[in-house]
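What follows is a short report on a single structure.
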Amino acid sequence: MVDVATLREFLRSELPEARPVLAAWEAKEIADAADYDHEPFLDNVYGLMSEVFWWEVFEPAVSKADVPVLERCYAVTEALLTCDDPSNMIRECVIIRVLKYLNAQSPGYAFAGPETRRLLESP
């Protein structure tokens, strides 16, 4: 099950391309927290979806039409859209930070799962 607490590990396990980006992002969070004397904000779902998943992994795969990465990204998208996150934050985040950049003509669209297709094809 993917939820807010397990999102980072899920991205790490499903997208090897995200591992170095996540490591750098986490190091920055820890450094920022030390600078401002507070705990690192490790549950930043919007940041993870936007800065890590979309801009560093999915968008470059779309731009390059990198089929293996696109296949994994669409699988991750489908998994996140259908996960049992009780807060529904992950689903909303994927819709706002990922799906808004995709459509039926996007490279790799053939790999989109049923929920991803439904959302992309609905008005």
Requested in this report: Could you tell me if the ring centre of Tyr101 sits under 6.0 Å from that of Phe58?
Outcome: no

Query raised in the report: Do Arg91 and Glu115 meet the salt-bridge criterion of a basic N to acidic O distance under 4.0 Å?
Result: yes

Query raised in the report: Rounded to the nearest 0.5 Å, what separation is found between the CG atom of Leu48 and the CG atom of Leu80?
Result: 10.5 Å

**Report entry** Side-chain heavy-atom pair Glu78, Pro114 within 4.5 angstrom cut-off
**Finding:** yes

Query raised in the report: After noting the C-alpha distance and the side-chain angles of Phe53 and Val94, does the key distance pass the side chain to side chain contact (heavy atoms under 4.5 Å, CB included) rule?
Result: CA-CA 10 Å; Phe53 181 53; Val94 171; 5.7 Å; no

Query raised in the report: Are the side chain of Thr116 and the backbone N or O of Ala112 linked by a donor-acceptor pair below 3.5 Å?
Result: no

Requested in this report: Look only at the side chain of Ser13 and the backbone of Phe10, and say whether a donor-acceptor pair between them is shorter than 3.5 Å.
Outcome: yes

Query raised in the report: Can you list the steps and then say if Asn44 with Trp25 is a side chain to side chain contact (heavy atoms under 4.5 Å, CB included)?
Result: CA-CA 11 Å; Asn44 184 352; Trp25 200 64; 3.8 Å; yes

Requested in this report: Find the distance between CZ (Arg118) and CG (Leu81) and round it off to the nearest 0.5 Å.
Outcome: 9.0 Å

Query - Residues Glu26 and Arg12 bridged, charged N to O under 4.0 Å - result: yes

Requested in this report: Without swapping roles, check the side chain of Asp3 against the backbone of Asp85 for a donor-acceptor pair under 3.5 Å.
Outcome: no

Query raised in the report: Could Lys100 and Glu59 be called an ion pair, given the rule that one side-chain N must be under 4.0 Å from one carboxylate O?
Result: no

Query raised in the report: Do Arg117 and Tyr109 meet the cation-pi criteria used here (NZ or CZ under 6.0 Å from the six-membered ring centre, within 45° of the axis)?
Result: yes

